[in-house]
Amino acid sequence: MIRLFDSLKSEVRPLDLREPGKVSMYVCGPTVYGLPHMGHGRFTLVWDVLRRWLTFQGYEVNFVSNITDIDDKIINLAAAQGTSEVVVASQYEQEWWKAMAKIGVAHPTSSPHATEYVPQMVALIEELVAKDIAYPLSDGMYFDTSRVADYGALAGQPLDSLRAGARVETMEEKRSPLDFALWKKAKPGEPTWPASFGDGRPGWHTECVVMSLGLLGEDFDLHCGGLDLKFPHHENERAQSIAAGHPFARHWAHNGFVMVEGEKMSKSLGNFTSLTDLLERTDARAYRLLVLRSHYRSPIEVSPATIEDAERALERLDSLARRFGLDQLAGDTFVTTSHLPTGASAGELAQSVTEFLEDDLNTPLAVAALFEAVSQANGLADEGRAVEAQPLAEAINTLFGALGLTLNSHGGEIDAESAEIVRLRDEARAAKNWAEADRLRDSLVKLGWIVEDSSSGTVIRR
RNA sequence: GGCGGCGUGGCCGAGCGGUUAGGCAGGGGCCUGCAAAGCCCUCCACUCCGGUUCGAAUCCGGACGCCGCCUCCA
């Protein structure tokens, strides 16, 4: 079984499943009030890779990731645009799924919306009220953090030191600056839902609790998200669930940030690149490869240079796919071990990749092993040892596919005119008419083709 | 102020005491009519100062620099 760093226990430990063979995982999704940015791209890719890898290994993965469709920012944006929250949320949710499809992130098993779970949130808050853990203030219901013995466990510090570090005192009335809003009382013109403790709308943290427990059940296996959600968001989710008497996630995993020139990319700093923009101008696979080449807990530097670097590396993989006529895997389908070819070299490669990934999802080492295998397969083929090279190339394809990276063996549709030039060039080459052959190659290049000679003649691709 | 992390070759990025990951870029060679692709070889490292050790990028101490969380954030 894979070993992962558990943010709660601060150690790498085997993923301890509630039920053998089945993985229940929850990934905190986006609040839909803007285009997805590179940070969103990273977390979705990282957890998509884990999901695909577990599926590859034969686990049945129940992957839940929410859409937060009600929140202050959505309300503010709707007001600014003179439209409704529903319109804003659905518009950006569409953008979200478009980007996800493009980047090859498989759709979650379930993608619940916060607004579909309001009654459950109300019920949870009622449980907390009954236990005297929630208390009312003028503007809503608050959670009393002092009532949870190990509050601060995820943050890695005791409650007292967190309180001492509180930088801003937003609500003087709160018993502790760390106490957070479970429910916000209705304000004129804002969306509102009925509740026994006063109509209003939910605070942020409660939704993930009821959606994860509702779809995965108590004591589910793994809760994932960006490092910036660890505290306070995840701490507050955990606190609520446990305080209400519901065992929560068995394991917590957090991915590192996307950095721009050494600083965390974030909306508040304004230094973000939208994922939508990136996907319009580059091969979506380049970002996945970039993410795979660094460890999921490390920060990654994203810049035009690092993206181009990944695009070039991708070229090498695509060359392999063309040379060996590899099938295009991944995409919407999940690759499984049944896709692996038989044979010793394929088995050895799969085994070393597996060992690396099982050690806290060490994708950089796995990718390095795969690239080494690429050299090996090409070398064998150069020596004419196709029987050995072919299964190795197929194993590389399968294992990249298991990580969601599709190798592209198609050079593009060849139109009739280009095909005719290719035919003429092969004739010229057969006649050793090099000047004509070079002239025809130039015209192909002008048409946008990359021209390569092979044993079977001129091969062109885009 | 509290807590946590980081400083690796031209760039990205692994590494967890002994083996100069891997990719991209650069140089040389092989292959090719010439190219391209591919293969082989190669240049270029571990912020600094002490210490532990037969041996340290890796462990310990210190210095400097950087980053994150403690506030909405993936």
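All chains are named by letter (A, B, ...) in the order of the sequence lines, taking the proteins before the strands, and each is independently numbered beginning at 1. Atom set for the values below is all heavy atoms of this structure, side chains included, hydrogens, waters and symmetry mates excluded. A quick note: this is a predicted structure, and the numbers were derived from the prediction, not measured.
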- Task: Test side chain to side chain contact (heavy atoms under 4.5 Å, CB included) on H107(A) and M100(A) and set out the steps.
- Result: CA-CA 8 Å; H107(A) 206 280; M100(A) 290 303 111; over 6 Å; no
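- For S111(A) (side chain) and P108(A) (main-chain N/O), no donor-acceptor pair under 3.5 Å exists by modelled atom type.
- Listed candidates were G38(B), A21(B), G33(B). Nearest to the side chain of N378(A) is G38(B).
- For the C1' atoms, the distance linking G23(B) with A14(B) amounts to 11 Å, nearest Å.
- OP1 or OP2 of C39(B) lies within a sub-4.0 Å distance of a side-chain N or O belonging to R316(A).
- The side-chain tip of R297(A) points at the ring of F5(A) from less than 6.0 angstrom away and within 45° of straight on.
- Counting any heavy atom pair closer than 4.0 Å across all strands shown, E372(A) reaches sugar-phosphate atoms only and no base atom.
- Distance K9(A) NZ to G4(B) C1': 20 Å, rounded to the nearest Å.
- Residue G41(A) is out of contact with every strand shown, counting any heavy-atom pair closer than 4.0 Å.
- Nearest to the side chain of T31(A), among C12(B), A74(B), C69(B), sits A74(B).
- Within 4.0 Å (heavy atoms only), S375(A) reaches sugar-phosphate atoms of the nucleic acid but no base atom.
- Contacts of S10(A) with the nucleic acid, taken as non-hydrogen atoms under 4.0 Å apart, are absent.
- Both stacking criteria are satisfied for W434(A) over the base of G33(B): a centre-to-centre distance under 5.5 angstrom and an angle between ring planes under 30 degrees.
- K230(A) comes within 4.0 angstrom of no nucleic acid atom, judged by non-hydrogen atoms across all strands.
- U20(B) and G38(B): their C1' atoms are spaced 25 Å apart (whole Å).
- With both ends at atom P, the span from C31(B) to C40(B) equals 16 Å, rounded to whole Å.
- Separating the P atom of C6(B) from that of G10(B) is a span of 23 Å, rounded to the nearest Å.
- With distances taken from any side-chain atom of R293(A) to the nucleotides G23(B), G2(B), G68(B), the minimum falls on G23(B).
- Side-chain atoms of R441(A) come within donor-acceptor range of the base of A35(B), with a qualifying N/O pair under 3.5 Å.
- Proximity note for F231(A) (side chain, C-beta onward) versus G22(B), C70(B), C24(B): the nearest is C70(B).
- In this entry the distance linking CZ of F400(A) with C1' of G23(B) reads 10 Å, nearest Å.
- Tested against H234(A) for a ring-ring contact (aromatic ring centres under 6.0 Å, His included), the candidates H223(A), H251(A), H205(A) yield a single pass: H223(A).
- Comparing C30(B) with A21(B), their C1' atoms sit 26 Å apart, to the nearest whole Å.
- If you take CZ of R312(A) and P of A36(B), they are 15 Å apart, rounded to a whole angstrom.
- With C1' as the reference atom, G27(B) and C43(B) are 7 Å apart, rounded to whole Å.
- If you take atom P in C12(B) and the same atom in C46(B), they sit 16 Å apart, rounded to whole Å.
- Where D228(A) and D382(A) meet RNA chain B, the nucleotide closest to each residue was compared, and D382(A) sits on the side nearer the 5' end.
- Side-chain contact, E207(A) with T68(A): a donor N or O sits under 3.5 Å from an acceptor N or O.
- For P232(A), counting side-chain heavy atoms from C-beta on, the closest listed nucleotide (C70(B), A74(B), A14(B)) is C70(B).
- Y296(A) and W47(A) have their aromatic ring centers within a separation under 6.0 angstrom.
- L45(A) places its CG atom 12 Å from the C1' atom of A74(B), with the value rounded to the nearest Å.
- Rounded to whole Å, atom C1' of A14(B) lies 11 Å from atom NE2 of H295(A).
- Annotation for E413(A): atom CD does not count as buried by contact number, only 12 or fewer foreign heavy atoms lying within 6.0 Å.
- Taking 4.0 Å as the cut-off between side-chain N and carboxylate O, E280(A) and K102(A) do not count as a salt-bridged pair.
- Among A37(B), A74(B), C11(B), the nucleotide with an atom closest to any side-chain atom of S319(A) is A37(B).
- In terms of polar N and O atoms assigned as donor or acceptor, the side chain of K264(A) never comes within less than 3.5 Å of the base of C67(B) in a complementary pairing.
- Side-chain polar atoms of Y33(A) and N76(A) form no donor-acceptor pair below 3.5 angstrom.
- Straight-line distance between the C1' atoms of G5(B) and G9(B): roughly 23 Å, to the nearest whole Å.
- Contacts of A313(A) with the nucleic acid, taken as non-hydrogen atoms under 4.0 Å apart, involve only primed sugar atoms and P, OP1 or OP2.
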- Per-residue pairing states of RNA chain B in dot-bracket (Watson-Crick or G-U under 3.5 Å; . unpaired, | other strand) read ((((((((.[[[..)..(...]]].(((((.......)))))....[[[[[..)....]]]]])))))))....
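- If you check every strand for non-hydrogen atoms under 4.0 Å, M265(A) touches a base.
- Checking D139(A), D144(A), T145(A) one by one against Y142(A), the side-chain hydrogen bond (donor to acceptor under 3.5 Å, both in side chains) holds for a single residue, D139(A).
- Along RNA chain B, the nucleotide nearest R429(A) and the nucleotide nearest A155(A) are compared for position; the residue whose nucleotide lies closer to the 5' end is A155(A).
- Side chain D453(A) to base C34(B): a donor-acceptor pair is found below 3.5 Å.
- Counting to the nearest Å, the C1' atom of A21(B) and the CG atom of L292(A) are 16 Å from each other.
- Closest approach to the H37(A) side chain among A74(B), G38(B), C11(B) is made by A74(B) (side chain taken as heavy atoms from C-beta onward).
- For the pair R461(A) and W449(A), the cation-pi test (distance below 6.0 Å, angle within 45°) is failed.
- Using a 4.0 Å heavy-atom distance criterion, N255(A) is classed as a base contact.
- With hydrogens and angles left out, the side chain of D438(A) and the base of G33(B) share a donor-acceptor pair within 3.5 Å.
- As judged by a 4.0 angstrom heavy-atom cut-off over every strand, E452(A) is placed among the base-contacting residues.
- At whole-Å resolution of the value, CD1 in I300(A) and C1' in C11(B) are 15 Å apart.
- Contact annotation for V258(A): base contact, defined as any heavy-atom pair under 4.0 Å involving a base atom.
- Remark: N362(A) is in phosphate contact with G15(B), judged by side-chain N or O atoms under 4.0 Å from OP1 or OP2.
- Atom-to-atom, CE of M25(A) to P of A74(B) comes out at 18 Å; the value is rounded to the nearest Å.
- As judged by a 4.0 angstrom heavy-atom cut-off over every strand, R385(A) is placed among residues making no nucleic acid contact.
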